[in-house]
Each structure stands twice: as C-alpha cells, then as structure tokens.
Q: 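Please see the structure below; I have some questions.
Predicted, not measured: the structure shown is a model, and the values here were computed from it.
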Amino acid sequence: MITDFSAHWFQQVLDHLGQGMAILDTEGCLVWCNRAYAQITGFCRQAHIGQAPPHIVDHARLLCRAKFQLEVSGNWQGEAIGITEKGQPLALLVSLSHIPNPQGGRNWLLEHFFEIDSYLGYIKQLESQALHDPLSGLPNRSYFRSEINGAFQVHQQSQRTVAVMFIDLDGFKLINDRTGHESGDYVLMIVAQRLRHSAKQHHGFVARMGGDEFALLLMDTDADQAQNVAAAVLTDIEQPITVGKRMFRVSASIGIYHDQYAHTHASELLRRADQTMYQIKKQGGHGYKLQSGAMVQHERKPPTEAWRTEIDNALSNHEFSAFAQPIVDIQTGRVTAIETRVRWQAQRGLLTAKEVLNHVSQANREETLDFLMLEQALAILTQLKQCASRLPALRIAVNLSAATCLNQDFLQRLCLYVDSRQLPCKRFRFDIPEKAFVLYPAQMAELVVGLVEKGFEVAADHITCADVVNTVLAEIPITIIKLDEFLVSGLPDSADAMFTATAIIAAAKRHGFAVGAEGVGWMKQLEWLRNAGCRECQGELIGSPKPPDEALTAIKTGRYW
C-alpha cells in the first residue's frame, strides 16, 4: 500500500476533479484553485490569488449566508449565481467546509462548486436508475406506486375508474432451476417487452414489481374492458419463447382490482389486486379474476359479540396501558417528546400496538381506546413534573385512529374533555395516519384546522409517498410528517427506500414541514436520516416503548448523546 504521497501528486489528483475547487483564507481571499475552476469560469488560475474570488456574484454576501451553518456544523451547501470571465451567468451549486489553517489560527474555507445543469443531468440519471428495473427497463414498484398516487391526486374529485392488474408468472421457477438464471432473465425480458406492448395498446402503465411479478394500471376502464385486456395479456404471455435451441412457454395468474379511483390509495389497490391474484394461483394459475370495488368499498366487518365482550371487559378491567417511547432531536440527541404506545396485558400475554389495534378495530372501539390513551398521556405529563428541570417542556404524542378522526362528534367531544380537565393543549401532539388523509382529505383538513385552533400540534404519521405531501398535506396546517417505519427499515441499503425517503423529505421541506422517523434501529439508519435532513427520530436504537416509570427514569437526563 502506498503511504508516501507527494504534494505534487495531490495537486494532480485535485486538478483531475470535475468540480471547481478553491481555498479561501480567513479574509475570504483566494489562496488556491484547481484546473476545473479555470475551465468552468474562464478565469486565469493565478490572476486573482490574494483577492476576493471573482467567479460568484457578491461572494461576500454568500459567505454571510453560510456563516451561521458553518459555525454550527462546519459545512454549508446552497445555490449561487456565478459569472464567467466573459460575463456570462452561471447557476452553481456551492459547498463550503472548514479546513485547518496551515499557519494556525482561524480555519480556512474549502469551496467546491459545479454547474447546476450538469448536476441536474446527473440527478436525473440517478432518478431514472432508481425508478426503473435494470433487467427489463420497465418502471419498478416505487415508480408504479408513484404513478398511481400522482393520478389519484389529479382525479380524486372525479368519477374516473381504475383497474390494477397484478401479474405473476406460472412455471417460471422451473425455467430458472432447470436451465439457469441466464435463460430465466431472457424470458423475463421477453415477457416485459410483451407487457410493454400491451400497455401501449391499451393506454396503460406497466411495471416490474420484482422477481416474476408485474403490474398494469388502466385508467377509465370498465370491468368488462379490464377483463378483456387481461385475456389479451394472458394470450401474449403464453406465446412460445425461444432461447438458443430451446423453446419455453410460461403462463400467468392475473388478479384485477377495479374501483372508482377517488376512494382507494395505491397501496390498497395493489394489495387487493395481489390478493385476487393469489386466489387464481391457489386454483392452479393460468387465468384471471376480477374483484370490483363496488363489492368491497367501505366494507367493514360487523363486530362479533365475542370481540366486543372481550374488548369491553379489557377496558373495564384497565388491561390497556400507555407505554412511553422517547423521541429525540436527531442532531443533538436531546429528548423532545414522548409518544404513547398502547399495550394490552391480555390472557395470551402482552400484545403490541399493532396487535391491539387490530383487535380493537374489529370491535369498533377505536375512539374509546384513543381517549383512554389521551387520559394516560395526561398522567404521564403529570409525572414529568417530578423529573429533571429540562423535561417539563416535553410534548406528548398521542396516536389517533382513522375511525376516530372520521367521527363527526370527535372534535366536540375532545373540546369538552379538554375544558373539563384544563388540558395544556400546547403540550399535546396528535399523530394522524397517512391513510386517513389520503382517503378522506376534506374531513381531515377540517379536523386538523380545528385541532390547531384549539392549540394542539398535529403530525401526519406513516408517510410512504412524496405525492401525498405535495398534494393532500400541502395546505393542511400540520407541523411534522413522520416517515413510515417499514420505509425506514430499508435505509440505507435499499435504493428504492432511499429514493422514496429523499423525495418525501424534499417535499416536506418545500412545504415547511419538519420530518421525523419511526423504527430507527441501527446507527447507519440514524446517520443517513441525519444527513438527509430529518429533525427527530425514535426506535429501538433510542429506546423501546416502556412503562412510564421506567421510560421517564431512563430519559431524565434529557438527552441521549
């Protein structure tokens, strides 16, 4: 391994970089620049040494803009208007970083920049790679969901219909097992070409969902037309495929979900189409089946007496309790809030929040449970006063179910509850799930406005899509959005998860929302979220939900790092 690098060698390395680089002294004067500096701006490399760098219009103002962030973190990035030696304007993306002063004293600045046009071209290339399947060239799952949600927002007030087909190949595993992955990949590419052709014929949008699964989106299609398209797709897929001297045939199982578009979100459309596909799969495959939203829209299973009795008894016996989980500032580690997470000490053992909510929803007792959690959150708030002096300012986050939010009497009941208990509204935050905002935007907007007017803070929870932030949430006075736990679990290893999270964070910043993240279990996740601009986080890495006494004892110092 080479360990003795000369200064000349480093000079050559820096000169071969495509970004312009300059070093500024404590007075903001140019000390050194690389070859790309001259290539981008046209200025002579040596002509302005010892002077204010001429490549940015009003460079002193730029340094003033960056001063605070440089003092806080040692780094700054932003856009600036540049100028060439011939007076032509440049749109630049500029980064500033502190570097040691070789003469001692205050740090110098390392400045590097490049033209935004070339940067945007690079970003578009990365976006394209992140949104497309590299084998087939088709859009991937993230792109497909985004396409559905984008159309959903445009047409949510209309009566347009949508059909989603979930397509799973029959017999594909045998091709892979018997002839190898190269033959399997070729078969997938041919199937992708045929589906692309079908989508074009029927004005649809097709994507590869992963493995041997594909999906097709059709707009303004009635149920009969959707089945006709599925039959044609099935026929196309079943045509023989020649690989070398061998001939293969594959078939498919196709599940179709057809619905009026304004009522169903992307994840729900895909889930229902996927479920329908599996019904065909269980029957031996090689066919299609349609499920209509007219049969399932607003469907809710009536609660059985057994469920109602068990839940009501549990409520009466105080078997539900609020565990507390710390939420911290991702930059400082300081505890900023506590979220209540419901637990049920049932006969079968301690049930998690997800298990509890599933049982409670079957008994139609969500609102009762939500008010119980609010009552226990108030008790936690009282306990905070006995902790360290930093903690009384903490906020308490309480989850609201979609069913509670849709109850027309909820806000009035909450106001009566608040007034009777002299509740400190500014200390409470209500977390409302993304699904409620997407399916019932008008009702949720009215509810959030009412909550904010009363003094409560509101967060949008379980966010999975940037389009929801840009459209549904854009005009609603929420304070913070929270990245979905499943999305966070894919960071930073999954390119799809990184792309989706980055888009959500950018959309949140555009509309002035802070960003939080649930389910942070690893340091690499925390570091990625911190660098991406997330403000707060929670999860196993910080602390799991615990009984209030234990949780408050654990966080009484007020910070985690």
Q: Parallel, tilted or perpendicular: which fits the ring planes of F430 and F456, with parallel below 30° and perpendicular above 60°?
A: tilted
Q: Decide yes or no for Q239 and I190: does some side-chain heavy atom of the first lie under 4.5 Å from some side-chain heavy atom of the second?
A: no
Q: Looking at E434, E339, H462, which hits side-chain hydrogen bond (donor to acceptor under 3.5 Å, both in side chains) with K482?
A: E339
Q: For Q275, I'd like to know if atom CD has over 12 heavy atoms of other residues, nucleotides or ligands within 6.0 Å.
A: yes
Q: Indicate yes or no: at least one non-hydrogen side-chain atom of R510 is less than 4.5 angstrom from one of N470.
A: yes
Q: Could you go through S198 and D236, starting from their C-alpha distance and side-chain angles, then the distance that decides it, and tell me whether this counts as side chain to side chain donor-acceptor pair (under 3.5 Å)?
A: CA-CA 8 Å; S198 294; D236 287 343; 3.1 Å; yes
Q: Measuring only between side-chain heavy atoms, which start at C-beta, is L188 closer than 4.5 Å to L169?
A: yes
Q: Applying side chain to side chain contact (heavy atoms under 4.5 Å, CB included) to T368 and L372, what does each step give before you reach the verdict?
A: CA-CA 6 Å; T368 303; L372 175 62; 5.8 Å; no
Q: Distance check, rounded to the nearest 0.5 Å: M523 atom CE versus L526 atom CG?
A: 5.5 Å
Q: Measure from the side-chain N and O atoms of T404 to the backbone N and O of L400, and report whether any donor-acceptor pair falls under 3.5 Å.
A: no
Q: Give the C-alpha distance, both sets of side-chain angles, the deciding distance and a yes or no for side chain to side chain contact (heavy atoms under 4.5 Å, CB included) between L218 and V162.
A: CA-CA 6 Å; L218 298 171; V162 60; over 6 Å; no
Q: With a sphere of 6.0 Å drawn around NE2 of H202, does it hold more than 12 non-hydrogen atoms of other residues, nucleotides or ligands?
A: yes
Q: How far does CD1 of I432 sit from CG of N399, to the nearest 0.5 angstrom?
A: 10.0 Å
Q: Give me the atom names and distance for the closest heavy-atom approach of A163 to A226.
A: CB-CB, 3.9 Å
Q: Any chance CD of Q279 has more than 12 other-residue heavy atoms, nucleotides or ligands included, within less than 6.0 Å?
A: yes
Q: Would you say the side-chain atoms of Q325 pair up with the backbone N or O of G543, donor to acceptor, closer than 3.5 Å?
A: yes
Q: Do R341's NZ or CZ and the ring of F323 fall within the cation-pi criteria of under 6.0 Å and 45°?
A: no
Q: Determine, using ring centers only, whether F166 and Y278 are less than 6.0 Å apart.
A: no
Q: For E475 and H511, test the side chains for any donor-to-acceptor distance below 3.5 angstrom and give the result as yes or no.
A: no
Q: Where is the tightest heavy-atom contact between P240 and R249, given as atom of each residue plus distance?
A: CD-NH1, 3.6 Å
Q: Kindly give the heavy-atom pair with the smallest separation between G519 and Q525, and that separation in Å.
A: O-OE1, 3.8 Å
Q: Testing V328, L529, I480, I330 one by one against E536 for a side chain to side chain contact (heavy atoms under 4.5 Å, CB included), which residue passes?
A: I480
Q: Using a strict 4.0 Å threshold on nitrogen-to-oxygen distance, state whether R395 and E457 make a salt bridge.
A: yes
Q: Given the rule in the side chain to side chain donor-acceptor pair (under 3.5 Å) test, do S253 and D170 qualify, once you have shown the distances and angles that lead to the verdict?
A: CA-CA 7 Å; S253 301; D170 302 325; 2.9 Å; yes
Q: V469 and A508: which non-hydrogen atoms are nearest, and at how many Å?
A: CG1-N, 3.8 Å
Q: Is there side-chain contact between L447 and L406, with heavy atoms separated by less than 4.5 Å?
A: no
Q: Mind checking whether K509 and V515 have side chains closer than 4.5 Å, heavy atoms only?
A: no
Q: Stepwise, does the side chain to side chain donor-acceptor pair (under 3.5 Å) test hold for Q227 with H258?
A: CA-CA 10 Å; Q227 292 182 89; H258 180 267; over 6 Å; no
Q: Is a side-chain donor-acceptor pair under 3.5 Å present for D370 with S401?
A: yes
Q: Partners of K173 by side-chain hydrogen bond (donor to acceptor under 3.5 Å, both in side chains), sequence neighbours excluded?
A: D177
Q: Kindly indicate whether the side chain of L473, heavy atoms from C-beta on, has any atom under 4.5 Å from the side chain of F437.
A: yes
Q: Quick one: does S251's side chain get under 4.5 Å of L234's, heavy atoms only?
A: yes
Q: Please report the shortest heavy-atom distance between I254 and A230, naming the atom on each side.
A: CD1-O, 3.7 Å
Q: Before accepting this row, confirm whether a basic side-chain N of the pair E527/R530 lies closer than 4.0 Å to the acidic partner's carboxylate O.
A: yes
Q: Working to the nearest 0.5 angstrom, can you tell me the gap between F144 CZ and L131 CG?
A: 14.0 Å
Q: So, R429 and D431, do they make that salt bridge, N to O below 4.0 Å?
A: yes
Q: Return the orientation label for the F320 and W344 ring planes: parallel under 30°, perpendicular over 60°, tilted otherwise.
A: tilted
Q: For a side chain to side chain donor-acceptor pair (under 3.5 Å) check, start with the C-alpha distance between T161 and D222, then their side-chain angles and the critical distance, and finish with the verdict.
A: CA-CA 7 Å; T161 56; D222 62 33; over 6 Å; no
Q: Above 12 or not: heavy atoms from other molecules or residues under 6.0 Å from CD of E446?
A: no
Q: Once rounded to the nearest 0.5 Å, what's the spacing between atom CG of D274 and atom NZ of K281?
A: 11.0 Å
Q: Take V164 and L216 through the test side chain to side chain contact (heavy atoms under 4.5 Å, CB included) and record every step on the way to the result.
A: CA-CA 6 Å; V164 171; L216 179 63; over 6 Å; no
Q: Side chains of N140 and R208 only: does a donor on one sit below 3.5 Å from an acceptor on the other?
A: no
Q: How far does CG of L290 sit from CE of M165, to the nearest 0.5 angstrom?
A: 8.5 Å
Q: Compare all side-chain heavy atoms of T276 with those of I256 and state whether any distance is below 4.5 angstrom.
A: no
Q: Could you go through V452 and I478, starting from their C-alpha distance and side-chain angles, then the distance that decides it, and tell me whether this counts as side chain to side chain contact (heavy atoms under 4.5 Å, CB included)?
A: CA-CA 8 Å; V452 171; I478 60 174; over 6 Å; no
Q: Can you give me the closest heavy-atom contact between A215 and L270, atom names plus distance?
A: CB-CD2, 4.5 Å
Q: Is there a donor in the side chain of N407 and an acceptor in the side chain of E366, or the other way round, less than 3.5 Å apart?
A: no
Q: Nearest 0.5 Å please: distance from the CZ atom of F205 over to the CG atom of L138.
A: 9.0 Å
